[in-house]
K.L.:
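Take a look at the following structure, please.
Note that the structure is a prediction, hence the values are computed from the model and not measured. Lettering of chains follows the sequences in order, A, B, ..., and the numbering in each one begins at 1.
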There are 2 protein chains.
Amino acid sequence: MPDEKPTSIWMLPERQERSGPGRRPGYSREQITQTAVQVADAEGVEATTMRRIASELGTGAMSLYRYVPKRDDLLDLMIDMVMGEIELPDRPSGDWRSDLSLVAHQTRAAGLRHPWLITLLTSRPTLGPHLLRVHEFALGALDRLGLDIDDISSFVGMLNDYVYSATRREIGWLEEARRTGLDPERWKRDYIGPYVRQIVESGAYPLFTRSVLESRTAHLPPAERFQYGLDRLLDGIGVHITSDISR
Amino acid sequence: MPDEKPTSIWMLPERQERSGPGRRPGYSREQITQTAVQVADAEGVEATTMRRIASELGTGAMSLYRYVPKRDDLLDLMIDMVMGEIELPDRPSGDWRSDLSLVAHQTRAAGLRHPWLITLLTSRPTLGPHLLRVHEFALGALDRLGLDIDDISSFVGMLNDYVYSATRREIGWLEEARRTGLDPERWKRDYIGPYVRQIVESGAYPLFTRSVLESRTAHLPPAERFQYGLDRLLDGIGVHITSDISR
DNA sequence: ACCATTCAGGTACGATGTACGCAAACGGAG
DNA sequence: CTCCGTTTGCGTACATCGTACCTGAATGGT
């Protein structure tokens, strides 16, 4: 009777250092993951093919399968390695607003360093140890404030949703700007590809048009724009925290 | 000097009915898109290959390229066709809360009918006419309430983020339940695959554990659970609407 | 009746993930 | 040292994908 196959990579730890016979492994999961991250940073996640990563390590594609069951698992490992870059105190400080801000900004920073992160993170449900650590910290920031666990969970979910989508939007601009060659600042002022221009000129979507043309925050530095939306969100959460004096 | 190539499928309308010489087209963009949607509904988006769709129509793969430039464009067309199922009044009613609720529930319903929709929608930036229509309606719901356009845009963004991620979570349960063969209700009570169980038993993530084990809303019918989070979000938006009397 | 034009779709190419199998490296037992 | 079971390295091979190219059939205007 065979073992039931592990449901995720996190239940299949790398083979440990042993002292039996047999050839020694020449690579490691971490090394392979790191290489994959570098390739993805430089050329996008679609360049992280098994052959490409292997050749980066000077070996053959099939060698990687001694360390990683499938390519999808490698994507999970990449996500978690990068989540490991997020630095947080051991415990929340007690100031929920600055704790959540910290998580938000750190996550955004990681997302900008690795433009593939957010797409991967939101397209596959994964729960690696580092992601869990960050999540636990965020939940902890709202603990002991009179909220029940469903509200805490719900608010942290909203925070994550905001951070992911705001960061994704930001990355979208950067990539669009790089593709068209313009520098981001000038590009955002003159703005918008031909398609959005067509939408605007059609006159059929007046509010969408205003959100494109009359936006104040669109001209802010990205970090301030991020902060602006974040503050709105935290204000919304704050309403439910009775012990909060600021509002 | 060639035309600059269109930036999106929406700038490349289907060839119109003409009256010149040449063979008549045997298919149409809409017909192909509809077939793709059916295949995706039945077997997932990864089954919507060009060959599969073509053979469903009784033709060869390459014929599709007379109607759609690339497979990615077909994905955009699928998204927008399904967004077209969302039924909304011509103009918002004036009750912002019920207007946004309507958008939220309609979008969730479309996402549940077509489990691939949310993944596609959040993994590729697309702005088809039907998506624009829905977005414009949502923006309109918050117009004339004393908010500036950045806040309106920001709140609608938060609403979308919530709807997408809540619906995605719900779909995840359904698929997990289908995969393991259990019916959704029982499965959600007994809950959780072996990996989450291991996390819980590790004791290292007490708040995550509580969010799994002590949740009240987890046992609610999905629609009520959705409503619960939605109400929290709308409460948060309501704070910023001064003319709102309910809070 | 002819022809320029348009569509249908077969063939073919490069790329991908990965199953399979064999040879090379290794440590322990004799 | 010699042999042997075990483990790793990786070449070969295959199914499947998007899609470039090309030939032949259909069509309506002249």
Side-chain angles (χ1 to χ4, degrees), chain A residues 2 5-6 9 12-33 35-36 39-40 43-78 116 120 123-124, chain B residues 2 5-6 9 12-33 35-36 39-40 43-78 116 120 123-124:
Chain A
K5 58 182 59 172
I9 182 74
L12 185 78
E14 188 168 15
R15 190 155 0 247
Q16 295 301 343
E17 194 63 30
R18 68 193 184 288
S19 58
R23 188 170 172 174
R24 300 294 111 164
Y27 308 93
S28 71
R29 230 180 231 186
E30 179 164 359
Q31 184 187 9
I32 292 170
T33 307
T35 305
V39 171
E43 304 173 39
V45 70
E46 70 280 2
T48 62
T49 68
M50 298 307 265
R51 286 170 231 260
R52 179 77 166 77
I53 296 165
S55 91
E56 205 77 15
L57 286 164
T59 181
M62 292 313 293
S63 303
L64 305 184
Y65 286 91
R66 295 276 167 197
Y67 303 89
V68 172
K70 318 185 60 139
R71 185 180 113 96
D72 281 7
D73 295 318
L74 185 53
L75 296 180
D76 284 344
L77 291 168
M78 291 168 65
W116 43 269
L120 243 47
S123 68
R124 33 190 308 109
Chain B
K5 59 181 59 172
I9 181 73
L12 185 78
E14 187 168 16
R15 190 157 1 247
Q16 295 302 341
E17 196 62 31
R18 69 192 184 289
S19 58
R23 190 170 170 175
R24 301 294 117 174
Y27 308 94
S28 72
R29 233 181 229 186
E30 179 163 358
Q31 184 186 10
I32 292 170
T33 306
T35 305
V39 171
E43 303 173 40
V45 70
E46 71 279 1
T48 62
T49 67
M50 298 307 266
R51 287 171 230 258
R52 179 78 167 76
I53 296 166
S55 90
E56 206 77 16
L57 285 163
T59 180
M62 291 314 292
S63 302
L64 306 184
Y65 286 91
R66 294 275 161 193
Y67 304 89
V68 173
K70 318 184 57 124
R71 177 174 182 267
D72 281 8
D73 295 318
L74 185 53
L75 296 180
D76 285 344
L77 290 169
M78 291 168 65
W116 44 269
L120 243 48
S123 68
R124 36 192 304 110

K.L.:
Once each nucleotide of nucleotides 11-20 of chain C is scored for protein heavy atoms under 4.0 Å, what B/S/- sequence comes out, 5' to 3'?
P.N.:
BB---BBBBB
K.L.:
Ignoring backbone atoms, establish whether A/T59 has a side-chain N or O less than 4.0 Å from OP1 or OP2 of D/dG9.
P.N.:
no
K.L.:
Quick test of your reading: applying salt bridge (charged side-chain N to carboxylate O under 4.0 Å, His left out), list the pairs with at least one residue in residues 59-68 of chain A, sequence neighbours left out, ordered by first then second residue.
P.N.:
none
K.L.:
Please tell me if B/Y67 has a side-chain N or O lying less than 4.0 Å from either OP1 or OP2 of C/dT6.
P.N.:
no
K.L.:
Base, backbone or nothing for each nucleotide of nucleotides 22-30 of chain D, written B, S, -, heavy atoms under 4.0 angstrom, 5' to 3'?
P.N.:
--BBBBBS-
K.L.:
Apply side chain to side chain donor-acceptor pair (under 3.5 Å) to A/T35 and list each qualifying residue two or more places apart in sequence or on a separate chain.
P.N.:
none
K.L.:
Which residues pass the side chain to side chain donor-acceptor pair (under 3.5 Å) test with A/R23, sequence neighbours left out?
P.N.:
none
K.L.:
Residues two or more places apart in sequence or in another chain: which of them pass side chain to side chain donor-acceptor pair (under 3.5 Å) with A/E14?
P.N.:
none
K.L.:
Which residues pass the side-chain contact (heavy atoms from CB on, under 4.5 Å) test with A/P69, sequence neighbours left out?
P.N.:
A/I9, A/L12, A/D73
K.L.:
Mind checking what makes side chain to side chain donor-acceptor pair (under 3.5 Å) contact with B/E30, not counting sequence neighbours?
P.N.:
none
K.L.:
Among residues at least two apart in sequence or on other chains, which ones pass side-chain contact (heavy atoms from CB on, under 4.5 Å) with B/R71?
P.N.:
B/T48, B/M50, B/L75
K.L.:
Enter the distance from A/Q31:CD to A/L64:CG here, rounded to the nearest 0.5 Å.
P.N.:
10.0 Å
K.L.:
In this structure, how many angstroms lie between the C1' atom of D/dA15 and the CZ atom of B/R52, rounded?
P.N.:
17 Å
K.L.:
What's the OH-P distance between A/Y27 and D/dT8, to the nearest Å?
P.N.:
13 Å
